[in-house]
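Everything quoted here is computed from the prediction, not taken from an experiment. Proteins get letters first, then strands, A, B, ... in listed order; numbering begins at 1 in each.
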Amino acid sequence: MQKKNVVIIGNGISGITAARFIRKFSDHRITVISEESDHFYSRTALMYIYMGHMTYENTKPYEDWFWKKNRIELVRGYVTKVDTEKKGLMLTGGDIVYYDVLILATGSKSRKFGWPGQDLRGVQGLYNLQDLELMEENTQGINRAVVVGGGLIGIEMAEMLHSRHIPVTFLVRESGYWTNILPTEEGLMISRHIREHHIDLRLETELKEILPDETGRVRAIITNKNEEIACQFVGLTTGVMPNIEFLRDSGVEVGRGVMINNYFETNVPDVYAIGDCGQFREPRSGHPPIEQLWYTGRMHGETVARTICGERAAYDRGVWFNSAKFLHIEYQTYGFVASRPQDGEESLYWEHPDGHHAVRINYRASDGVVIGSNFFGIRHNQAVWERWLRERRTIDYVLEHLGAANFDPEFYTQFERAVVKQYNERYWGRKVMLKRKRGVRSRLLELVGTE
Amino acid sequence: MSLNRTYPSIQIAGDPTVSMSSTEKLGAGLSGLGFLFLLVAGFTGQTNPILFLILSLGLLSLGGVIFSIERYQKQHAPGVDNNGVMFSPSTRRSFFTWNLAILITGFYVLLYWFPGTLEGLIRTVDPLSYTLRGKAADQWFLYGTFYTVAVLVMGFRAILKYRHNRYQIIRTISVMFFQLFLAFLIPALLIMLQQPEFYFSYFWPLKYDYFFPGTLNSLEQAGGWGVFMVRWAVVIAFIGVPVLTYFFGKRWYCSWVCGCGGLAETAGDQWRQLSDKSMKAWKVERWMIHSVLVFIVATTALLWINADSGNMILREASNGFNKTYGFLIGMAFSGVIGVGFYPIMGSRVWCRFGCPQAAILGIIQKYFSRFRITTNSSQCISCGNCSTYCEMGIDVRAYAQRGQNIIRASCVGCGICANVCPRGVLSLENGPTKGRYNEPVLVPESEIMMPRRGDAKNEEWRERAFSQE
Ligand SMILES: Cc1cc2nc3c(=O)[nH]c(=O)nc-3n(C[C@H](O)[C@H](O)[C@H](O)COP(=O)(O)OP(=O)(O)OC[C@H]3O[C@@H](n4cnc5c(N)ncnc54)[C@H](O)[C@@H]3O)c2cc1C
Ligand code: SF4
């Protein structure tokens with residue numbers, strides 16, 4: 001293989017995964033240019049640094065010697081301009097870096113909606129280390145914070161502030177937490193859980209305006225219900241968008257993100273885009289055109305590495321899944337669970353009276369084939385669910401074997417029996433029996449057919 | 001954006017001044033007062049032992065219990081609670097923890113080599129000693145009392161802190177039980193009954209002299225119970241240990257039964273994050289722990305050869321080995337460093353770098369066991385909570401983010417990685433040995449990095465991961 005000079009912009013999960021696999025498959029020269037930090041760290045752990053669970057050092061998945069050892073050159077810098085004709089990048093300060101192959105892995109940035117006062121001191125989003133440091137500064141000695149936007153980063157920010165004993169008001173536009181994604185029951189359960197933690201959750205409430213004090217710092221906000229809430233900090237967590245403005249005039253086609261095909265190829269030869277910053281021209285049906293997840297970033301990086309190393313590989317993201325944690329309730333989802341009931345679909349929903357555990361399994365009314373599932377406060381195994389969904393297992397089969405997917409720690413109460421009971425009670429005469437207990441043996445039976 | 005900012009200088013200092021509630025202050029104050037009385041007792045304990053016992057250990061425990069209830073039960077809903085661990089001067093490496101380390105280390109030095117200085121304290125536990133053993137206290141009884149109180153009070157704290165996790169609750173009750181009964185009350189009772197003092201929860205080579213010819217002979221001579229004890233020592237070491245480890249992994253002992261583990265999991269729990277996770281530490285660990293194992297096996301063998309030869313051959317050498325081992329490993333390492341360094345090197349310094357019992361259990365766990373920590377395919381977000389809170393310094397994340405089972409000789413199966421993981425990635429399990437060492441599931445990160453059983457070199461997989469030789 002001819003030795004190429006591969007340059008990657010962005011040292012997040014997608015750029016770093018690409019670098020690692022290119023090293024594994026080839027002898028290309030690899031340079032990673034990134035602005036935010038000297039080394040790869042885990043963005044998903046930002047909240048834990050603020051909460052004092054970990055230090056920044058703890059969030060680095062590889063020790064610092066790793067990069068030199070694997071001949072991955074790291075450059076700390078911001079790319080201001082890309083010249084795709086001369087195949088060169090310009091960094092702040094004027095340095096030029098040339099490439100044979102360029103991978104754009106520049107991630108996202110926080111999205112703001114042009115609210116009056118959104119640039120005041122004490123108002124910020126949360127995406128990178130600089131935001132985190134700013135948040136540390138902005139939240140010193142305050143007595144109320146407002147978080148705007150009921151998504152995944154919003155609830156993390158609320159939890160972060162809560163951990164520092166800062167009273168939080170949490171504005172959510174929908175009628176339950178994250179109910180643009182979660183079905184109503186789950187959204188309400190999580191809403192109750194948020195309130196259990198004494199977080200002042202305001203549903204169906206939007207931000208209208210942010211008011212300054214005489215020093216130019218936030219003093220209060222006004223909601224769409226014209227209520228004024230005094231606060232010294234406002235967290236804007238209303239989504240993220242691709243971080244690509246430096247590509248203007250580069251000749252690389254952009255939409256909301258960098259336009260790519262299933263091989264992560266842009267319109268310019270030898271220029272690829274992966275991770276949060278890419279936008280698929282033809283997303284698979286039911287899948288978003290921009291994938292803003294940790295594990296998809298990793299899959300992008302690995303796939304593009306194959307292509308660059310001579311084995312052109314199309315992206316196959318497999319069965320959809322995701323996970324998160326809402327304060328103390330863990331959440332996992334597999335396949336497709338719509339937020340509202342769909343025609344032709346049935347839904348089995350079981351919730352524990354304590355409001356901390358729930359199971360939803362959706363399936364086709366016609367033949368019982370399972371479409372997707374949600375789990376709250378119960379851990380399930382991704383490999384088993386991937387297999388069930390790929391093989392189009394029916395609801396009866398899934399329920400009978402539900403124990404095999406259980407991934408909770410030993411001695412935990414298992415709720416499969418209750419879930420199955422509810423199902424049997426719903427359909428007269430249906431007698432689904434649990435056939436599998438949790439454990440390695442069951443899982444292996446499910447995955448490989450033998451122990 | 002400026003380029004001149006230098007990271008990682010990321011300064012998240014938190015707010016260590018976050019105020020304690022008045023009940024927390026009460027608990028802390030009572031404990032402090034108890035500690036003060038402990039010092040006083042050190043000088044004047046003999047005058048009124050019962051009063052001082054209550055004022056010192058009593059107040060210390062009461063304070064600890066009140067503090068734990070307020071901090072963990074009242075102020076925090078059930079769930080992972082590591083807020084502020086990296087900020088608080090009592091849980092990160094700080095001036096305070098260094099002082100604490102010196103204090104504990106100092107206590108061990110006095111205990112082992114200058115017990116006379118502890119006379120006042122020893123007299124304070126006399127009433128307890130007479131009640132339990134029918135004779136006056138000595139420094140070892142004092143030590144046993146402190147140790148047991150620490151395991152019980154801090155075990156109570158651990159149960160509250162981890163009350164959302166049934167594995168942790170049961171495991172903590174187990175170490176509390178074994179410490180209280182098998183390592184404290186039963187040995188005391190044996191003394192009361194004029195039987196040999198014997199610890200059923202410790203075996204050779206951790207309790208290294210249980211296989212020394214001298215010990216076995218004197219037990220045999222004691223007849224009756226002594227004979228049973230000899231049988232127990234042999235059966236548990238040669239049959240119990242391998243069989244139980246095959247079924248449950250090393251954890252059945254290290255984090256369910258053992259007193260050293262018990263103290264680490266209770267009193268040491270707050271410092272588990274201080275263990276060194278680097279590749280280098282792992283290397284040092286493997287050298288040290290296996291050297292200690294070789295050392296104690298050699299010592300035991302020499303003693304037997306010497307005894308068999310009627311005390312003729314290798315007498316000097318075997319006695320020398322015996323004394324050196326006792327001093328270096330038995331006292332200096334396991335006590336002084338092992339516990340004294342809790343607040344700066346984490347709670348399992350001894351278990352990780354020194355314990356020969358752990359070395360044996362580890363070898364069995366690695367090659368002949370049904371235990372593993374299974375990872376949940378692609379769910380890992382590489383956050384690092386698991387590695388951070390691993391007291392054995394295992395970089396759990398390195399495996400988890402590749403979807404690979406974690407099978408490490410050192411893993412004591414405490415289950416905290418699975419507890420702190422926010423994405424449900426880790427599960428401690430026993431199961432069929434076939435396929436225990438799995439290929440990483442996240443497909444092609446495969447071959448070169450996969451540690452295979454029997455291939456010692458592969459221990460270095462991570463280091464070599466991508467280097468193309
Ligand atoms: C607080 C938070 C929590 C999250 N939690 C989860 C979670 O639990 N699960 C999940 O699946 N996902 C989560 N995500 C999303 C996930 O972190 C992202 O999808 C992922 O990190 C994107 O990776 P990336 O490599 O594409 O980009 P990034 O990680 O954003 O990396 C891009 C890097 O490129 C640098 N860069 C950008 N432009 C330039 C330039 N012009 N020159 C030089 N450098 C540049 C940036 O500074 C940045 O360091 C979370 C995100 C946040 C912010
Ligand atoms: S296994 Fe869990 S705790 Fe460990 S890095 Fe992965 S997500 Fe984080």
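- Rounding to the nearest 0.5 Å places CD of B:Gln75 at 6.5 Å from NE2 of A:His165.
- Chain B forms more heavy-atom pairs under 4.5 Å with one residue of A:Tyr41, A:Phe407, A:Tyr48 than with any other, namely A:Phe407.
- Shown here for B:Ser378 and A:Phe321, the closest heavy-atom pair between the two residues is CB-CZ, 3.4 Å.
- Atom CZ of A:Phe411 sits about 10.5 Å away from atom CG of B:Asn165, to the nearest 0.5 Å.
- For A:Tyr295, the part lying under 4.5 angstrom from a heavy atom of chain B is the side chain only.
- Comparing A:Ala324, A:Gly318, A:Pro409, A:Ala45 by heavy-atom pairs within less than 4.5 Å of chain B, the highest count is held by A:Ala324.
- For B:Ser427, the parts lying near chain A are the backbone and the side chain together; criterion is any non-hydrogen pair under 4.5 Å.
- For A:His328 and B:His76, the gap between ring centers is short of 6.0 Å.
- Closest approach of A:His53 and B:Tyr389 over heavy atoms only: O-OH, 2.7 Å.
- For A:His356, no part lies near chain B; criterion is any non-hydrogen pair under 4.5 Å.
- Nearest approach of A:Met54 to B:Thr388, heavy atoms of both residues: SD-OG1, 3.3 Å.
- Contact of B:Leu426 with chain A is made through the backbone alone, with heavy-atom distances under 4.5 Å.
- No salt bridge links B:Lys280 with A:Glu63; every basic N to acidic carboxylate O contact stays at or beyond 4.0 Å.
- Most heavy-atom pairs under 4.5 Å with chain A, from the set B:Gly84, B:Ala77, B:Cys383: that is B:Cys383.
- Within the 3.5 Å criterion, the main-chain N or O of B:Asn376 finds no donor-acceptor partner in the side chain of A:Arg379.
- The greatest number of non-hydrogen atom pairs below 4.5 Å with chain A, out of B:Asn430, B:Leu428, B:Val425, is found for B:Leu428.
- Looking only at distances, a side-chain donor or acceptor of A:Ser42 sits under 3.5 Å from a matching main-chain atom of B:Ile381.
- No part of A:Thr80 comes within reach of chain B, as not one of its non-hydrogen atoms sits under 4.5 angstrom from that chain.
- Residue with the most contacts toward chain B among A:Thr413, A:Leu46, A:Ile72: A:Thr413 (heavy-atom pairs, distance under 4.5 Å).
- Checking side-chain atoms of A:Gln382 against main-chain N and O of B:Gln379 turns up no donor-acceptor pair under 3.5 Å.
- If you measure heavy-atom distances from A:Arg43 to chain B, you find no contacts under 4.5 Å at all.
- Nearest heavy-atom pair, B:Cys421 versus A:Glu330, reported as atom, atom and distance to 0.1 Å: O-OE2, 3.5 Å.
- In this structure, chain A has a heavy atom under 4.5 Å from the side chain of B:Arg397, while its backbone stays farther away.
- With a threshold of 4.5 angstrom between heavy atoms, B:Val420 does not approach chain A through any atom at all.
- To the nearest 0.5 angstrom, A:Asn58 atom CG is 9.0 Å from B:Gln273 atom CD.
- Between B:Arg251 and A:Glu410 there is a salt bridge, since at least one side-chain N of the basic residue sits less than 4.0 Å from a carboxylate O of the acidic one.
- B:Arg166 places no side-chain N or O within 3.5 Å of a backbone atom of A:Tyr412 that could act as its donor or acceptor partner.
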Determine whether B:Met279 and A:Phe66 satisfy the following criterion, side-chain contact (heavy atoms from CB on, under 4.5 Å), listing intermediate values before the conclusion. CA-CA 11 Å; B:Met279 196 66 136; A:Phe66 180 88; over 6 Å; no
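- Ranked by heavy-atom pairs under 4.5 Å with chain A, the first of B:Val85, B:Ile170, B:Asp81, B:Asn385 is B:Asn385.
- Of the listed residues B:Ser382, B:Gly431, B:Gly384, the one with more heavy-atom pairs under 4.5 angstrom with chain A than any other is B:Ser382.
- Interatomic distance, CZ of B:Arg423 versus OH of A:Tyr331, reported as 11.0 Å (0.5 Å rounding).
- Listed here is the closest heavy atom pair of A:Gln332 and B:Gly424: NE2-O, 4.2 Å.
- The nearest pair of heavy atoms linking B:Asn83 to A:Ser163 is ND2-CB, 3.5 Å.
- Ranked by heavy-atom pairs under 4.5 Å with chain B, the first of A:Gly141, A:Ser323, A:Gly439 is A:Ser323.
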